[in-house]
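No hydrogens, no waters, no symmetry mates; every other heavy atom, side chains included, goes into these values. Atoms within a ligand are numbered from 1 in the order they appear, just like the ligands themselves.
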Amino acid sequence: MDVVILAAGLGTRMKSNLPKVLHRIFDIPIIDYVIDTAKKINPKNIFVVLNPAIKETIEYLSKKDVQIVFQNEPRGTAHALLSALPYLKSDRLLILNGDTPLLKIDTLEKFIELFNKNSLDLAILSFYPQREHSYGRILRKPNGLVEKIIEITELSEEQKVLSESNSGIYILTMNTAALVRQIKENQNKGEFYLTDIVELSVKQGKKVEAYPLAKEDELIGINTRAELSLAIKYLRDRIVREWMEKGVTFYDPYSVWISPKVSIGQETVIYPNVFLEGSTTIGHNCTIYPGVRLKDCKIEDNVEIKDCTVAENSHIMEGSTIGPFAHLRPETIIGKNCKIGNFVEVKKSTIGDGTKASHLSYLGDAQIGRNVNIGAGTITCNYDGKKKHKTIIEDNVFIGSDTQLVAPVKINKDAYVGAGSTITKEVPEGSLAISRTPQKNIEGWTKKRREKE
Ligand code: UD1
Ligand code: CA
C-alpha cells in the first residue's frame with residue numbers, strides 16, 4: 001500500500017504565519033502525528049503533498065523519512081491527489097489529511113482490514129461529530145449504501161440534518177484513485193473536491209462503503225485555533241487516561257498536560273496544573289506538586305518535586321526533594337537524597353548524594369560532592385563578564401550562609417567556609433576559610449545619636 005498525506009492547503013482559517021501542519025500539539029508538529037501513524041502500517045511509500053511556496057514545511061519534512069510531492073497551486077483536495085498520482089506504484093492507496101493527527105493505529109488497522117475483507121474499491125472512514133462543525137456529510141441511499149459526500153457549502157436545508165461525516169481518510173484501489181482525473185471544478189469554490197470521487201465511483205458501480213469506526217477524539221480535522229485547542233484537549237485526555245490505567249494518580253486530570261513521549265512510573269501522584277514536556281521520564285512513587293513544569297528531565301524513583309518548580313534537561317536521582325520554587329536549568333544532575341529548596345537555581349552543575357542547598361542560592365557551573373551543606377544565599381560567581389568558570393566543592397564541605405564563591409575556585413573536602421565570606425582562593429582540606437571584616441561594637445552609640453537630634 002502507498003500512503004498519500006494531503007498537506008498542501010493554505011490553512012487560512014488558522015490565521016497564522018506558521019503553516020498549519022507545523023502547529024504543535026504539545027511539543028510535536030501536527031504533521032508528525034500523521035506521519036508516525038502512517039509509518040506504523042509499514043507502507044511501501046509515504047508521499048506528502050506540499051505547496052512549493054511554503055518553504056518551512058518543505059524544510060521541516062525534508063528531514064523526515066517521507067517523499068515530498070508538490071501541488072503547484074492549492075486548487076483543492078482532488079487536485080492535491082492528482083499531483084501525487086504519477087508517483088504511486090502500489091495497487092492500493094491510503095489517503096490521510098495532514099490536519100487530522102489523532103487517528104489511532106488500532107482504528108486504522110481495523111479500517112484496512114474491512115477494506116480488504118470486503119474487497120472494496122473505496123472505503124471512507126466516517127464519524128458522528130457532537131458539535132457544530134464544517135465536515136462533509138455522508139449521504140446514503142434508502143438501502144443504506146453510500147451515495148456521495150456533500151460538502152458543507154453544498155448542503156440543502158433537508159441535508160443539514162445528516163450527521164455522519166467524512167474524516168478525509170480513505171482507502172481505494174489504484175484504479176479507483178485514477179477517477180480523480182474526472183473530477184470537475186466545483187462552481188461555488190473554484191476547487192476540485194476529492195470527495196466527488198465517491199459519487200463517481202458509485203455511478204461506475206464500484207464497491208463503496210463508509211465505516212464509522214471512531215469518534216471525533218480521533219478524527220478531528222484541525223482548521224481553526226479552536227479546533228487545535230480541542231485536539232490538544234482530546235489528546236491530553238487520552239494520555240492522562242492511559243497513565244491512570246498504568247497506576248498513576250492525578251488529583252485533577254483535566255489540568256495536567258503530558259506530552260506523548262513522557263513516561264511515568266506506578267504510584268506516582270500528580271497534583272493539578274503540571275506540565276510534563278519533551279522526553280521527560282518520571283520514576284515510581286514520585287510526587288509532583290502543583291504548578292511544576294518539567295521538560296526533558298529524568299526523574300528517578302521516590303522524588304518529590306514541590307510546587308512551582310521548573311526544570312529542564314536535568315537528572316534527579318532517587319529520593320531527592322526539589323522546590324518549592326526551584327529552577328533547574330539544563331545539564332543539571334542532582335544525586336540521591338539531595339535537597340534543593342526554595343528559590344535555588346542550579347545550572348550545568350553536578351550535586352553529589354545527600355547534599356543540601358535549602359534556600360536562596362545560585363549554583364552555576366559547579367561540581368559539588370557528597371553531603372555538602374550549601375548555606376542560604378550562597379552564590380557561585382561563575383561569570384566574569386566574558387567567560388564562565390567552574391566552582392568545585394568536595395565532599396562534606398560546609399558553606400556558611402551568604403557566601404560568594406568567585407570562580408574558578410576549589411573548596412577541598414571537609415573544609416568550612418564562614419558565613420558571609422567572599423572566597424577567591426582555594427580552600428585546603430579540613431580548614432576554615434573566613435573573609436569577613438571583624439565586627440566592631442560602639443557602645444552607647446544609639447543614645448548619643450538621639451541626643452543630637
Ligand atoms: C476536507 C473534506 C471534508 C472532510 C474534512 C475532514 C474535501 C473537499 N473536503 O474538508 O469532506 O469532512 O476534510 O477533515 O476534501 N489540501 C491540499 N491541497 C489543497 C487543499 C487542501 O493538499 O488544495 C490538504 C490540506 O492541507 C488538508 C487536507 O487537504 O490537510 C484537507 O483540506 P482542508 O481544506 O482542510 O479540507 P476541509 O475543508 O477540512
Ligand atoms: Ca481540514
Side-chain angles (χ1 to χ4, degrees), residues 3-14 16 18-23 29-35 38 47-54 56-58 61 68-85 95-103 122 124-129 131-139 146 148-155 159 162-170 172 180 183-200 210 212 214-228 230-231:
V3 178
V4 171
I5 300 173
L6 307 180
L10 293 176
T12 45
R13 288 168 279 182
M14 289 296 279
S16 177
L18 183 71
K20 176 165 81 175
V21 295
L22 296 188
H23 277 262
I30 292 172
I31 190 77
D32 283 29
Y33 290 90
V34 183
I35 293 172
F47 298 96
V48 185
V49 185
L50 296 182
N51 182 329
I54 306 178
E56 280 157 287
T57 328
I58 301 168
L61 287 181
I68 295 171
V69 172
F70 291 120
Q71 178 191 15
N72 288 325
E73 280 173 287
R75 302 192 60 196
T77 43
H79 187 259
L81 176 60
L82 205 55
S83 319
L85 213 54
I95 299 177
L96 300 172
N97 275 355
D99 65 359
T100 304
L102 302 187
L103 174 67
L122 168 61
I124 304 150
L125 186 47
S126 65
F127 64 124
Y128 292 92
R131 60 174 181 105
E132 213 174 293
H133 61 80
S134 61
Y135 301 113
R137 309 298 210 283
I138 313 281
L139 180 68
V146 173
K148 61 173 171 174
I149 294 177
I150 310 170
E151 286 306 292
I152 178 138
T153 47
E154 319 286 315
L155 285 174
Q159 288 167 339
L162 292 173
S163 52
E164 189 180 7
S165 300
N166 171 29
S167 70
I169 297 165
Y170 321 87
L172 14 66
V180 74
I183 291 175
K184 300 209 170 63
E185 190 173 346
N186 177 281
Q187 292 310 312
N188 290 332
K189 286 275 297 256
E191 285 192 1
F192 295 84
Y193 288 168
L194 179 54
T195 43
D196 288 349
I197 206 166
V198 176
E199 193 179 11
L200 277 172
K215 296 204 198 108
E216 201 190 18
D217 62 358
E218 282 187 57
L219 297 175
I220 185 168
I222 299 169
N223 300 314
T224 61
R225 305 264 183 170
E227 284 165 336
L228 175 63
L230 196 53

So which of T100, I35, V49, V69 actually passes side chain to side chain contact (heavy atoms under 4.5 Å, CB included) with I5?
I35

L6 to ligand 1: N or O pair under 3.5 Å?
yes

Between K20 and the options N223, T12, T57, the side chain to side chain donor-acceptor pair (under 3.5 Å) test singles out N223

May I ask you to list the protein N, O or S atoms found at less than 3.0 Å from the Ca ion (ligand 2)?
D99 OD2, N223 OD1

Pairs of nitrogen or oxygen atoms closer than 3.5 Å, one from I149 and one from ligand 1: do any exist?
no

Return the option from R13, R137, E191 holding the heavy atom at the smallest distance from atom 36 (O) of ligand 1.
R13

Okay, side chain of H79, backbone of Q71: is any donor-acceptor separation there less than 3.5 Å?
no

Give the numbers and elements of all ligand 1 atoms closer than 4.0 Å to a heavy atom of G76.
18 (N), 19 (C), 20 (C), 23 (O)

Quick check on contacts: which atoms of ligand 1 are under 4.0 angstrom from a heavy atom of N223?
35 (O), 39 (O)

I want to know if ligand 1 touches Y193 in the polar sense, i.e. an N/O pair below 3.5 angstrom.
no

Closer than 4.0 angstrom: is that true for some heavy atom of H79 and an atom of ligand 1?
no

Gap between atom CD1 of I68 and atom CZ of F47 - 0.5 Å precision
12.0 Å

Quick one: does K20 get within less than 4.0 Å of ligand 1, heavy atoms only?
yes

Would you check if I95 and T77 make a side-chain contact, meaning some heavy-atom pair closer than 4.5 Å?
no

When rounded to the nearest 0.5 angstrom, what is the spacing between CD in E216 and CG in L102?
9.5 Å

Any side-chain heavy atom of L228 within less than 4.5 Å of one from I30?
yes

Minimum side-chain heavy-atom gap I149-Y170 below 4.5 Å
yes

CD1/I152 to CG/N166 distance, rounded to the nearest 0.5 angstrom?
12.5 Å

What do you reckon, does T77 have a nitrogen or oxygen under 3.5 Å from a nitrogen or oxygen of ligand 1?
yes

When rounded to the nearest 0.5 angstrom, what distance separates CD in E199 from CD1 in I183?
10.5 Å

Which ligand 1 atoms are under 4.0 Å away from a heavy-atom of G98?
30 (O)

Numbered atoms of ligand 1 (with element) below 4.0 Å of R75, judged on heavy atoms:
23 (O)

Atom indices of ligand 1, in the order listed, that fall short of 4.0 Å to a heavy atom of G136
3 (C), 4 (C), 11 (O), 12 (O)

Of all the heavy atoms in H133, does at least one lie under 4.0 Å from an atom in ligand 1?
no

With the side chain counted from C-beta on, respond yes when L22 and I31 share a heavy-atom pair under 4.5 Å apart, and no when they do not.
yes

Can you tell if the side chain of L219 reaches within under 4.5 Å of the side chain of L103, non-hydrogen atoms only?
yes

Can you tell me how far the CD1 atom of I124 sits from the CD1 atom of I169, to the nearest 0.5 Å?
12.0 Å

Minimum side-chain heavy-atom gap N188-E154 below 4.5 Å:
yes

Where ligand 1 meets T195 - atom numbers and elements under 4.0 angstrom, heavy-atom basis
7 (C), 8 (C), 9 (N), 11 (O), 15 (O)

Does any part of the side chain of S83, heavy atoms only, come nearer than 4.5 Å to the side chain of N72, both counted from C-beta?
no

May I ask you to decide whether R131 forms a salt bridge with E227, counting only side-chain N to carboxylate O separations under 4.0 Å?
yes

Which protein heavy atom lies closest to atom 22 (O) of ligand 1, and at what distance to 0.1 Å?
A8 N, 2.8 Å

heavy-atom search around atom 9 (N) of ligand 1 in the protein gives E151 OE1, 3.0 Å

The protein heavy atom nearest to atom 4 (C) of ligand 1 is N166 O, 3.2 Å

Measure the spacing between CG of L230 and NE2 of H133 and express it to the nearest 0.5 Å.
12.5 Å

Using a plain distance cutoff, I'd like to know if Q71 has any nitrogen or oxygen under 3.5 Å from a nitrogen or oxygen of ligand 1.
yes

Which of the numbered atoms in ligand 1 are below 4.0 angstrom from a heavy atom of A80?
17 (C), 18 (N), 22 (O)

Give the residue, atom name and distance (to 0.1 Å) of the protein heavy atom nearest atom 35 (O) of ligand 1.
D99 OD2, 3.1 Å

Using distance alone, determine whether G9 and ligand 1 share an N or O pair under 3.5 Å.
yes

Donor + acceptor pair across side chains of N186, E151 (<3.5 Å):
no

What part of V49, side chain from CB on, backbone N/CA/C/O, both or neither, has a heavy atom under 4.0 Å from ligand 1?
neither

Select one of side chain, backbone, both or neither to describe which atoms of S167 lie under 4.0 Å from any atom of ligand 1, heavy atoms only.
backbone

Between S163 and P129, which heavy-atom pair has the shortest distance, and what is it?
O-CD, 3.6 Å

With a 4.0 Å cut-off on heavy atoms, is A7 touching ligand 1?
yes

Which of the atoms in ligand 1, numbered in the order shown and given with their element, are less than 4.0 Å from a heavy-atom of P74?
23 (O)

Run the contact test for N97 against ligand 1 with a 4.0 Å cut-off on heavy atoms, strictly below, and give the result.
yes

Where does E154 meet ligand 1, judged by heavy-atom distances below 4.0 Å: at the side chain, the backbone, both, or neither?
neither

